[in-house]
Asker: 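Take this structure, written in structure tokens, and hold onto it; I'll ask about it next.
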Number of protein chains: 2
Amino acid sequence: MLDPVSRVRRFNRAVTSAVGALDNSFLGRGRPLGAARVLNAIGQGRSDVGEVRDYLGLDSGLMSRLLRNLEDEGLIETQAHEDDARRRVASLTRAGKREFAAYEALSNTQAESFLARNVQAEALLAAMDLVASALTRDRIALAEMDPRSDEARYCLGEYYAELGRRFKQGFDVSLSRDPDAKDMRRPRGSFIVAMSDTLPIGCVGLKGTDHGYAEIKRLWVAPSARGLGLGKRLMDAAEDAARRLAIALLRLDTNSALPEAGRLYRTTGWREIPRFNDDPYPDLFFEKRL
Amino acid sequence: MLDPVSRVRRFNRAVTSAVGALDNSFLGRGRPLGAARVLNAIGQGRSDVGEVRDYLGLDSGLMSRLLRNLEDEGLIETQAHEDDARRRVASLTRAGKREFAAYEALSNTQAESFLARNVQAEALLAAMDLVASALTRDRIALAEMDPRSDEARYCLGEYYAELGRRFKQGFDVSLSRDPDAKDMRRPRGSFIVAMSDTLPIGCVGLKGTDHGYAEIKRLWVAPSARGLGLGKRLMDAAEDAARRLAIALLRLDTNSALPEAGRLYRTTGWREIPRFNDDPYPDLFFEKRL
DNA sequence: AGCATTATCTGACTTTAGTCAGATATAAAT
DNA sequence: ATTTATATCTGACTAAAGTCAGATAATGCT
């Protein structure tokens with residue numbers, strides 16, 4: 001009754017019935033589930049018909065009919081893709097946007113009432129984040145983003161907060177050599193964010209310098225996504241970005257209060273080198289030749 | 001993107017697609033999902049037709065047909081209920097047991113492969129327990145059980161382990177006045193276990209004495225089920241059991257290292273009294289007149 | 001230009017799920 | 001003993017989902 005497999009299966013049962021209830025609530029708007037799902041996928045920005053079909057796992061015939069139904073209802077419009085007239089792109093009409101908003105409101109209300117029923121919400125949310133990351137680990141997408149984007153700033157905020165907790169003396173960004181955003185943008189560098197669904201769960205920066213090397217900065221993985229090998233994936237992506245920018249030498253600094261990071265560097269071809277800057281926080285320095 | 005509602009919705013999306021994959025895997029055995037679900041419900045011990053129907057939320061006509069299909073496949077047999085010939089009781093035939101075992105193996109394999117993909121399994125399992133408890137909070141069932149049953153012993157084991165962690169000096173059952181199981185059985189007392197699906201997540205004992213009162217012992221709620229009001233529910237159930245046994249006075253002892261417990265007693269009509277036993281662990285004593 | 005490939009659509013199905021109004025048999029209440 | 005209630009079943013449906021073989025039109029490749 002208490003072995004790990006039983007616990008996973010208990011979770012599956014709990015979640016199956018919760019999902020069933022969720023699906024049923026979508027039926028309340030007088031539209032079959034299939035059509036509602038297509039409408040919502042389009043509302044969420046999946047405009048390409050093929051993309052929606054893949055996402056929902058639908059047969060092309062069925063998909064076509066569902067689109068036709070939504071069109072007849074006046075909720076969507078389709079037009080040919082501008083680069084490839086075989087493909088179709090769907091968009092919500094004014095009425096479709098209203099309908100989509102109604103579904104969104106339904107989902108939000110449900111989420112709110114779930115939260116209201118559960119007092120210890122923060123622990124529960126952290127648990128939900130962890131489970132969601134584990135379930136979607138194969139769909140974690142890395143994307144190059146502007147270091148000033150909302151997603152990047154969120155990651156950096158979390159990263160600084162974590163350093164503050166980890167370092168005995170705390171962490172004050174202004175004392176550190178905060179990399180200028182433009183050094184982490186092409187063509188000088190890069191900033192990569194790991195997204196699980198719509199949630200940023202990790203990041204890494206590649207910061208260009210004028211000293212013949214680039215630096216890896218701000219490697220962070222959300223607590224809810226650790227153990228999924230994401231740190232390695234982010235580092236690989238940063239190295240690829242460096243190669244594309246014809247950068248041959250990488251350096252980074254880190255702190256012994258972050259042992260996971262040190263372990264990762266040591267096992268992926270990085271070599272410890274002497275201090276190469278006067279930032280007060282790091283006490284370990286690494287280099288890797290690409 | 002990071003407010004609680006979005007996090008809940010991200011979790012919902014993650015889980016919806018996981019559940020979909022799970023359901024689809026059940027289709028691999030050449031039987032529609034409805035029939036597979038009925039077969040599994042019966043295999044899990046839900047023999048009463050009405051019970052299965054309620055559990056799966058099926059229309060009685062549909063249920064009847066699904067049963068007929070399984071019967072035609074030679075997987076189940078039905079007979080009249082021995083106390084009420086209107087009701088039907090279903091059971092698996094030999095072939096049905098084989099088929100059920102195949103479904104079980106499928107579920108177990110999936111759970112195992114999920115666990116194998118996730119290194120930090122214990123943290124993940126704890127998170128899944130918490131989420132499952134929260135999702136099924138309305139279906140947590142309290143049941144009177146023998147204090148020697150597997151479920152009860154599991155709860156007690158967890159309870160002792162937790163006391164060991166909470167008390168500065170640790171906890172050794174043999175030093176405490178371990179209640180004899182028979183004092184927590186009718187007609188002397190009672191033992192109540194809270195079950196969430198098949199997982200015991202809390203307990204409380206009502207221990208009869210010869211001193212004109214009964215004692216509440218072993219109130220425990222699993223960490224994964226705290227914040228759901230389960231402690232209160234268990235105490236209410238214990239009091240009800242006492243009333244049914246015509247017990248008019250209740251006492252209990254506890255320790256100030258368990259502040260949640262103390263708070264619960266104080267807010268539910270219990271009155272602090274002087275020490276009434278010489279157990280070395282408790283330092284707080286309460287009484288309640290029913 | 002010609003041919004294979006791709007994305008979508010249409011028509012013609014089948015299967016599954018679900019609904020609803022009785023029918024039947026038994027049990028419970030008066 | 002009659003009436004009422006309950007559990008299940010049957011027949012006759014409808015709706016939704018899914019399948020599959022072409023048709024159509026645009027694109028890519030040689």
Side-chain angles (χ1 to χ4, degrees), chain A residues 16-17 19-21 23-42 46-73 75-91, chain B residues 16-17 19-21 23-42 46-73 75-91:
Chain A
T16 299
S17 75
V19 164
D23 277 358
N24 277 332
S25 79
F26 265 39
L27 257 35
R29 298 198 63 76
R31 196 171 288 108
L33 211 58
R37 270 204 271 260
V38 170
L39 180 70
N40 278 282
I42 296 168
R46 278 172 237 270
S47 51
D48 215 281
V49 168
E51 190 191 346
V52 174
R53 214 174 44 215
D54 281 359
Y55 174 66
L56 299 175
L58 299 175
D59 170 88
S60 76
L62 181 51
M63 175 72 193
S64 183
R65 256 176 281 271
L66 291 172
L67 280 177
R68 229 43 66 236
N69 292 345
L70 289 170
E71 235 167 18
D72 293 349
E73 269 197 272
L75 301 178
I76 63 163
E77 286 167 338
T78 61
Q79 57 183 116
H81 189 283
E82 56 182 14
D83 297 338
D84 180 347
R86 290 170 305 182
R87 288 155 69 191
R88 304 235 97 202
V89 175
S91 57
Chain B
T16 299
S17 77
V19 163
D23 277 357
N24 277 331
S25 80
F26 264 39
L27 256 36
R29 298 198 62 76
R31 196 169 290 109
L33 213 57
R37 271 204 269 261
V38 170
L39 180 70
N40 278 283
I42 295 168
R46 278 172 238 271
S47 52
D48 216 281
V49 168
E51 190 190 346
V52 174
R53 213 175 43 216
D54 281 358
Y55 173 65
L56 299 175
L58 298 174
D59 170 88
S60 77
L62 181 51
M63 175 73 192
S64 183
R65 258 175 279 271
L66 291 172
L67 280 177
R68 228 43 65 233
N69 293 345
L70 290 170
E71 234 166 18
D72 293 349
E73 269 197 273
L75 301 177
I76 64 163
E77 287 168 338
T78 61
Q79 58 184 114
H81 190 283
E82 56 182 12
D83 297 339
D84 180 345
R86 290 170 305 182
R87 288 155 68 190
R88 305 236 95 204
V89 175
S91 58

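Each chain gets a letter, A, B and so on, in the order its sequence line appears, and its residues count up from 1.
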Asker: Can you check the A:Leu66 CG to D:dA17 C1' distance for me, whole Å?
Answerer: 9 Å
Asker: Can you tell me how far P of D:dA7 sits from CG of B:Asp48, to the nearest Å?
Answerer: 10 Å
Asker: Quick one, A:Val38 with A:Met63, criterion side-chain contact (heavy atoms from CB on, under 4.5 Å). Give me CA distance, side-chain angles, the key distance, then yes/no.
Answerer: CA-CA 8 Å; A:Val38 170; A:Met63 175 72 193; 4.2 Å; yes
Asker: Taking all heavy atoms of A:Glu77 and all of A:Glu71, pick out the closest pair and write down the distance.
Answerer: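 For A:Glu77 and A:Glu71, the tightest heavy-atom pair comes out as C-OE2, 4.2 Å.
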Asker: Quick one: closest heavy-atom pair of B:Leu70 and B:Arg31, and the distance?
Answerer: CD2-CD, 4.1 Å
Asker: Is B:Glu82 close to B:Val89 at the side-chain level, that is, under 4.5 Å between some pair of heavy atoms?
Answerer: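 No - every pair of side-chain heavy atoms lies 4.5 Å or more apart.
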Asker: Counting C-beta onward and ignoring hydrogens, is there a side-chain heavy-atom pair between B:Leu56 and B:Arg46 closer than 4.5 Å?
Answerer: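 Side-chain contact under 4.5 Å: no.
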Asker: Which heavy atom of A:Leu27 sits nearest a heavy atom of A:Pro32, and at what distance?
Answerer: CD1-C, 4.5 Å
Asker: Using whole Å, report how far CG of B:Leu58 lies from P of D:dA7.
Answerer: 16 Å
Asker: Hey, where on DNA chain C does chain A first and last touch, going 5' to 3'? Cut-off is any atom under 4.0 Å from a heavy atom.
Answerer: C:dT5 to C:dA12
Asker: Both A:His81 and A:Leu62 contact DNA chain D. Taking the nearest nucleotide for each, which residue is further toward the 5' end?
Answerer: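 Here A:Leu62 is the residue nearer the 5' end.
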Asker: Knowing that exactly one of A:Leu66, A:Asn40, A:Ile42, A:Leu67 qualifies, which makes a side chain to side chain contact (heavy atoms under 4.5 Å, CB included) with A:Val52?
Answerer: A:Ile42
Asker: Between the opening five pairs and the closing five pairs of the helix from C:dA1-D:dT30 to C:dT30-D:dA1, how far apart are the helix axes, to 10°?
Answerer: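 The end-segment axes of the helix from C:dA1-D:dT30 to C:dT30-D:dA1 are tilted 20° relative to each other.
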Asker: Check the distance between D:dG28's C1' and A:Asp84's CG and give it to me in whole angstrom.
Answerer: 10 Å
Asker: Would you say D:dT8 has OP1 or OP2 under 4.0 Å from some side-chain N or O of B:Arg53?
Answerer: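 B:Arg53 to D:dT8 OP1/OP2: side-chain N or O found under 4.0 Å.
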Asker: Here's a test of your reading of the structure: between B:Asp59 and A:Leu67, which maps to the more 5' nucleotide of DNA chain C?
Answerer: A:Leu67
Asker: Flag the pair B:Asp23 / B:Arg37 as yes when at least one side-chain heavy-atom distance between them is below 4.5 Å, and no otherwise.
Answerer: yes
Asker: Would you state whether a donor and an acceptor, one from the side chain of B:Arg86 and one from the base of D:dT8, lie under 3.5 Å apart?
Answerer: no
Asker: Measure the CG-NE2 distance between B:Asp48 and B:His81 for me, rounded to the nearest 0.5 Å.
Answerer: 5.5 Å
Asker: Between P on D:dT8 and CD on B:Glu51, what's the gap in Å once rounded to a whole number?
Answerer: 11 Å
Asker: Whole-Å distance between D:dA15 P and A:Leu27 CG?
Answerer: 14 Å
